[in-house]
> 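Got a structure here, written out as C-alpha cells. Questions coming.
Order of the sequence lines fixes the chain letters, A, B, ..., with proteins taken first and strands second; residue numbering starts at 1 for each chain.
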Amino acid sequence: MYIALVPCGTRVFCFSKEIEMSDRYEDSPLYRIRHSAAHIMAQAVLEFYPDAKYTIGPPVENGFYYDFEFSQPVTQEDLEKIEKRMRQIIAAGHEFRRKALSAEEARQIFADQPYKLELIDGLEKGGLDEYGNPLTEKPEISIYQHDTFTDLCRGPHVENTRQINPSAIKLMSIAGAYWRGDENNKMLTRIYGTAWQKPDELKNYLAMLEEAKKRDHRKLGKELEIFIFDDEVGPGLPLWLPNGGIITEQLERLAKEMEEKAGYSQVRTPHVTKEDLFLRSGHLPYYAESMYPPMEMDGVKYYVKPMNCPMHHKIFAARPRSYRELPIRLAEYGTCYRYEKSGELFGLMRVRSMQMNDAHIYCSEEQFESEFMGVIDLYKKYFDLFGIERFKMRLSLHSKAGLGKKYVDNERLWVKTEDMVRRAMLNGGVPFVEVEDEAAFYGPKIDVQIWSAIGREFTLATNQVDFAVPERFDLKFVNKEGGEETPLCIHRAPLSTHERMVGFLIEHYAGAFPVWLAPEQVRVIPITDAQSEYAGQLEAQLREAGVRARADLGSERMNAKIRAAQMFKVPYMLVVGASEAEAGTVSLRLRDGSQENNIPVAAFVSRVQEKIRSRASVL
RNA sequence: GCCGACGUAGCUCAAUCGGCAGAGCACCCGCCUUGUAAGCGGGCGGUUACGAGUUCGAUUCUCGUCGUCGGCUCCA
C-alpha cells in the first residue's frame, strides 16, 4: 500500500487511484505507533540529558523523528543506549493519557521548555501549527502523558506503550535540523527512528534500504564507469566518462527526434554573457544567490549562465514577429552553471554544472493551453518509453509572503496564470497536487517529482509559465489587428538535465539499461584463442551495423569473461566456440542469464538493430 | 552554508596501546586452451586527502584546509 504523505499547505486536486484507495496516514495504526515511539524516545533522551530542550517529534514516512536542543554534542554512539531504554519503557506498559487544557495551564507545565512555549503562543495567538504554518481555525491545546513524560501534542497515540513492538523499532541516525525549518533559526539535533507493527516489517524495511544502496547511482555510476568527480575539477562538476558520453548522446538524439516532430527549432547560445542581460531578465535580483560570481573583462562584468532563457528571448527578439509565426519553440541542450551550496550537492542528482533539455515556447494567451498540454503529452511519451511509473505532478505556486522577494511582484498575474495552469491540467485530466511557495520567480510551474534510490525527492522534469520576463525583454508580436502584444513564455525541460536524468535512470534501471541506452550493447566472448579471429570479425560486423560491440580477447577463461560482462550489465553476450565459428552462428546469452543457441549472425544483427531502432525496453 | 560522521593502492577494505602500511579485485607479464557468473603463477601499484602541531617516533593524538556521506536549508 502506498500511503500519501501530503506536506502542509498542499491542496490535492486529484489523487491517482492508488492513493485514493489508501487511508490517510494520520488515521493509520502505524502513525500512532510512530508518533508514540517519538514520545518514548524523547522520554529516554531526557532521562540521559535532563537539560535538553525538546521541540517537535512527528511521524514521517517510514518512521519518526524528534528534534532537541542539547547542551553537549550527542552522537551516533549514544543512540544505542537511548534505544535500549526505549525498549524498557515500552515493556513497562504505560498508558497514554490525553488532556485538554488552557494556554495558561500549558505554559505552567512547559515553563522551562522555551520551544514548547513558542508553540503554545503559536497555537493561541497566531493560529500557527508546529511547523509554523498558519492554521485556519484555532485548535484546542492538548497534552499527552505517559509514565514520567508529558508532551504538548494533538495526538493521536496508542493507548498503551505495550501496543508498540519493542523489536520493531530502531533508531536510525542523527542529524542537524533548523528550528521550524528556517535556516535563520538555531540548529537543533534531530534523531531519526523507524517503527513498524511487526519485527518482520522492520527487517524488510532494513533489507529494502540495503537493496536501495546497491542501486544508488553514485555507486553504480562508478562501477559502470559512467561518471566521476575529481577533487581538482571541483565539487558538483561531473566528468562524463565514455560510457556516460554514450548515454547522454542517446538522450540528446531522442530529444531532438521528438522535438523535431513537435515543431521545435534547435538553437545554440554562449555560456557567458554580460551582466546587463541578467539584470534585464531579473536573474540578478531574484536568482543571484545561485549564480557563480562574475568575472570582469575591460571593466564589464560577465556571468556564466544559470539558465538559457534570456538568450532565447534575444533570439525571439532578433526580428519583428507576427502572430502567424507563433508558437515559436526554441530548443537547446544548454549547459548551465549554478552555485549550489556545498551541502546540497548530491552525486549527479544535484550538481553545479548541468546540461538542460531546455526549450522556450513563445505563444499567445489563446495558444497557451494547447502548448502547455502539448508539453505534458511529451512528458508522458518519455515516461512511457522509460517505464517511469512512480512520479507525482506538482503545481508549484507562489506565496504571498514571497512577492517582491522570491517572486515577481504582481499578484494579479500570479493568480491569473496559476489559474490557467490549473484549468489546463484539469481539462487534460492529469492528476496533480498543489503546493505553495515552490514556483519559479517568474511564474507557476508543473514539476514532476521523483524519488532517488535512497528515497530523496527531486524535481525531474519541469514545465513553467513565464508571465514576467517576456515583458522585461520587451518581447512583442504583431497580432491580427495590427497591434502589439507580449507573448507568454513556457519554459520546459521534460528530460530534466543530463545529470539528473542519467542519475535517475541509473537507479531506475539499476544500471541495466535498455539496449538503445546501454553503453556497450554486445560483448563477444570466444571460448578459446582459436575463435579470436571469428570474435574479431563479429565485432567488426556488429559495429558496421551500428551496434556498440566489443570482443573480449583477453587471456581469461570464458567464465571469467562472462562474469565481467555480467557485472558491466552488457545486455547481449555472444559466446562463440568452434561449432559457432564453423557454422557462422552465435550462442546468445542475455543479461538475465537466459540462453539461445545456434542463432545465425545475420538474425542476431537484425534483432539488435530492431531493439535499438524501437528503443525497446525488453531484450 | 549549517549540525554530525568519515577520508589508507584505480576499486572494496585490514593494520592491537602511538612502533617497519597489508589483502582481494583491477592492471601488466607468463602458463593453461577452456561451453555460459571468478583457472594458476609472477609483477606493478602508497608523501595513509592536504597543511601544521604534540612526540624519540603519527595511518593512529590535536588544530586548520579540502572533499565525501547522513540530514537541515535549497533545487533541474
> Checking only heavy atoms, does the side chain of A:Arg190 share a donor-acceptor pair with the base of B:C3 at less than 3.5 Å?
no

> Rounded to whole Å, please give me the gap between CE in A:Met558 and C1' in B:A37.
10 Å

> When you check the phosphate oxygens OP1 and OP2 of B:A37, does a side-chain N or O of A:Arg589 lie under 4.0 Å from one of them?
yes

> Using purine N1 to pyrimidine N3 plus N6-O4 or O6-N4 for Watson-Crick, or N1-O2 and O6-N3 for G-U wobble, each under 3.5 Å, what pairs with B:C72?
B:G1

> Show your reasoning for whether side-chain hydrogen bond (donor to acceptor under 3.5 Å, both in side chains) applies to A:Asn357 and A:Glu259.
CA-CA 10 Å; A:Asn357 172 229; A:Glu259 285 161 9; 3.1 Å; yes

> Decide yes or no on side-chain hydrogen bond (donor to acceptor under 3.5 Å, both in side chains) for A:Gln449 and A:Thr459, but give the supporting numbers first.
CA-CA 4 Å; A:Gln449 301 300 108; A:Thr459 299; 2.6 Å; yes

> Figure out the CG/C1' separation between A:Leu188 and B:C72, and round it to whole Å.
10 Å

> Once hydrogens and angles are ignored, does a donor-acceptor distance under 3.5 Å link the base of B:A76 to the side chain of A:Ser496?
no

> Salt bridge or not for A:Arg180 and A:Asp182, using N-O below 4.0 Å?
no

> Could you give the CZ-to-P distance, from A:Arg456 to B:G71, as a whole number of Å?
5 Å

> Does a side-chain N or O from A:Ser342 land closer than 4.0 Å to OP1 or OP2 of B:G1, or not?
yes

> How are the rings of A:Phe278 and A:His283 set to each other: parallel, tilted or perpendicular (split at 30° and 60°)?
perpendicular

> Taking only side-chain nitrogens and oxygens of A:Tyr339, does any of them come within less than 4.0 Å of OP1 or OP2 of B:C74?
no

> Can you tell me how far P of B:C72 sits from CD of A:Glu69, to the nearest Å?
19 Å

> Would you state whether a donor and an acceptor, one from the side chain of A:Arg557 and one from the base of B:C32, lie under 3.5 Å apart?
yes

> In whole Å, what separates the C1' atom of B:G43 from that of B:U34?
25 Å

> Between A:Thr269 and A:Lys305, is there a side-chain donor-acceptor contact under 3.5 Å, judged purely by atom types and distance?
yes

> OP1 or OP2 of B:G70 sitting under 4.0 Å from any side-chain N/O of A:Arg218?
yes

> Is it the case that B:G35 (base atoms only) and A:Glu580 (side chain only) share a donor and an acceptor within less than 3.5 Å, ignoring hydrogens and angles?
yes

> Hey, which sits more toward the 5' end of RNA chain B by its nearest nucleotide, A:Val74 or A:Ala530?
A:Val74

> Taking pairing as Watson-Crick or G-U wobble with both contacts under 3.5 Å, can you name the mate of B:C6, or confirm there isn't one?
B:G67

> Return the pairing partner of B:A21 with a 3.5 Å limit on both distances, Watson-Crick or G-U wobble; otherwise return none.
none

> What is the distance, to the nearest angstrom, from the CG atom on A:Asp216 to the P atom on B:C11?
17 Å

> Measure NZ/A:Lys341 against P/B:C3 and give the value in whole Å, please.
13 Å

> For a quick test of reading the model: is some side-chain N or O of A:Lys186 closer than 4.0 Å to OP1 or OP2 of B:C3?
no

> Could you check which nucleotide pairs with B:U62 in any of the strands shown, counting Watson-Crick or G-U wobble with both distances under 3.5 Å?
B:A52

> Distance alone, cut at 3.5 Å: any donor-acceptor contact between the side chains of A:Glu69 and A:Tyr115?
yes

> Expressed in whole Å, how much space separates the C1' atoms belonging to B:A26 and B:A38?
13 Å

> Is the distance from OP1 or OP2 of B:U12 to the nearest side-chain N or O of A:Lys222 less than 4.0 Å?
yes

> Rounded to whole angstrom units, what separation is found between the NZ atom of A:Lys219 and the C1' atom of B:C11?
10 Å

> Between B:G10 atom P and A:Ile226 atom CD1, what is the distance in whole Å?
21 Å

